[in-house]
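Values in this document were obtained by computation on a predicted structure and should not be read as measured data.
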Amino acid sequence: MTQNTVIVVGGPAGTGKTTIAELLSAQFACPFIEGDSLHPPENIEKMSKGIPLTDEDRWGWLRQLSEEASEKAISPENKSKICIVSCSMLKRVYRSYIKKSSSEKFPHNELKFRFLFLHTTFEDLMKRVSGRKGHYMKSDMVKSQYDIMEIPNGDELVANGGECLAVDTTNKTPEEILRDIINQIN
């Protein structure tokens, strides 16, 4: 990629966002931002108590995530010109807001965005999340994310001129998912 690019790896809890984002970061030798680490304490407290986030809870987090990832992508020290960030980005409006926040903060930089939306069955998500240790996102939160998720389709998809790839992670290893993504990105 020759243009400064932010690759957002998203989907509901349990789809492998962090794992895939870390693999992509290694593949492209670029910075990676774990989006969950940018949540304000109020959001983490809500999620820890099993209370789903509202759109209002997410706007500030999405703005910070977008601005930090954009800044890393355009940094002269970043020879790859890429930054990978993980973020649930469950709705189309969130994906649009991420791009809008970047262009507002950096109006004179041509940044390209790619949204990799990972998804699988509800049962698979529940199985994956219930096996986690030490993460504030518990299995009782998966249903709320699953219910509001909008898998990219139509004009959002790269195949139709958009910026999104919808990646089904069902019964695939992280290496298989990475291979599918790399093939689609290239």
Side-chain angles (χ1 to χ4, degrees), residues 6-27 31-66 68-69 83-99 101 113-153 156-157 163-178 180-181 184:
V6 174
I7 299 175
V8 185
V9 182
T15 52
K17 291 184 295 290
T18 300
T19 301
I20 297 305
E22 288 172 339
L23 290 170
L24 282 168
S25 175
Q27 175 79 28
F32 162 59
I33 299 172
E34 170 56 69
D36 283 345
S37 70
L38 300 177
H39 271 294
E42 307 82 52
N43 285 7
I44 293 171
E45 184 177 344
K46 279 182 88 169
M47 290 184 286
S48 296
K49 293 178 178 177
I51 302 169
L53 297 180
T54 65
D55 287 353
E56 289 306 311
D57 294 326
R58 288 183 173 97
W59 299 129
W61 168 64
L62 291 171
R63 175 173 290 283
Q64 181 181 359
L65 180 140
S66 172
E68 287 192 24
C83 182
I84 309 288
V85 62
S86 61
C87 165
S88 53
M89 64 160 177
L90 296 166
K91 296 180 182 179
R92 182 179 186 145
V93 68
Y94 300 160
R95 297 184 284 274
S96 296
Y97 187 77
I98 290 168
K99 285 181 6 188
S101 295
F113 279 81
R114 276 287 181 255
F115 296 95
L116 308 177
F117 193 91
L118 311 180
H119 62 94
T120 187
T121 65
F122 179 72
E123 294 73 25
D124 200 25
L125 292 175
M126 290 301 291
K127 184 171 54 176
R128 292 177 188 182
V129 172
S130 65
R132 283 181 171 177
K133 304 287 185 251
H135 194 282
Y136 59 80
M137 179 66 83
K138 306 296 182 224
S139 58
D140 57 350
M141 294 294 296
V142 173
K143 176 95 172 91
S144 67
Q145 286 197 339
Y146 193 82
D147 287 347
I148 68 165
M149 95 172 153
E150 297 171 1
I151 298 171
N153 62 46
E156 267 196 296
L157 296 174
E163 299 159 322
C164 298
L165 296 173
V167 182
D168 187 345
T169 65
T170 307
N171 298 322
K172 292 181 182 172
T173 67
E175 294 74 24
E176 290 170 324
I177 297 165
L178 177 67
D180 287 351
I181 290 169
Q184 290 185 63

Considering all heavy atoms, the nearest Gly10-Thr15 contact: O-OG1, 4.3 Å
Closest non-hydrogen atom pair between Leu178 and Gln27, with its separation: CD2-OE1, 4.3 Å
Donor-acceptor contact present, side-chain Ser86 to main-chain Gly35, <3.5 Å: yes
Side chain Ser25, main chain Ala21, donor-acceptor under 3.5 Å: no
Exercise: identify the closest heavy-atom pair between Leu62 and Cys87: CD2-SG, 3.6 Å
Val93 vs Tyr97 side-chain heavy atoms within contact, under 4.5 Å: no
Non-hydrogen side-chain atoms of Leu116 and Leu24 separated by less than 4.5 Å: yes
Met149 and Phe117, any side-chain heavy atoms less than 4.5 Å apart: yes
Non-neighbouring partners of Glu68 that pass side chain to side chain donor-acceptor pair (under 3.5 Å), sequence neighbours left out: Gln64
Minimal non-hydrogen separation, Arg95 against Ile151, with atom names: NH2-C, 4.5 Å
Residues in side chain to side chain donor-acceptor pair (under 3.5 Å) contact with Ser88, at least two apart in sequence or another chain: none
Side-chain heavy-atom pair Pro12, Leu90 within 4.5 angstrom cut-off: yes
Short side-chain donor-acceptor distance under 3.5 Å, Thr54 and Asp57: yes
Ser101 side-chain N/O to Arg63 backbone N/O, donor-acceptor pair under 3.5 Å: no
All side chain to side chain donor-acceptor pair (under 3.5 Å) counterparts of Asn153, not counting sequence neighbours: none
Smallest separation among heavy atoms of Ala69 and Cys83, with atom names: O-CB, 3.4 Å
For Glu163, the option from Arg92, Lys99, Arg114 that meets salt bridge (Lys or Arg N to Asp or Glu O under 4.0 Å): Lys99
Ile33 and Leu65: CA distance, side-chain angles, deciding distance, side chain to side chain contact (heavy atoms under 4.5 Å, CB included) verdict: CA-CA 8 Å; Ile33 299 172; Leu65 180 140; 5.7 Å; no
Inter-residue atom distance Leu53.CG - Ile44.CD1, 0.5 Å rounding: 10.0 Å
N/O donor-acceptor pair under 3.5 Å between Lys17 side chain and Leu118 backbone: no
Rounded distance (nearest 0.5 Å) linking atom NZ of Lys143 with atom CE of Met126: 10.0 Å
Stepwise salt bridge (Lys or Arg N to Asp or Glu O under 4.0 Å) test for Lys49 and Glu45: CA-CA 6 Å; Lys49 293 178 178 177; Glu45 184 177 344; 3.0 Å; yes
Heavy-atom closest pair, residues Tyr146 and Thr121: CE1-C, 4.2 Å
Reported OG1-to-NE2 distance for the pair Thr169 and His119, which is rounded to 0.5 angstrom: 7.5 Å
Rounded distance [0.5 Å steps], CG in Asn43 versus CZ in Arg58: 8.5 Å
Euclidean distance, Ile20 CD1 relative to Ile7 CD1, rounded to 0.5 Å: 12.5 Å
Rounded distance [0.5 Å steps], CD1 in Ile177 versus OG1 in Thr19: 8.5 Å
Whether Trp61 and His39 hold their rings parallel, tilted or perpendicular, with breakpoints at 30° and 60°: parallel
Close side-chain approach of Gln145 and Leu125, heavy atoms under 4.5 Å: no
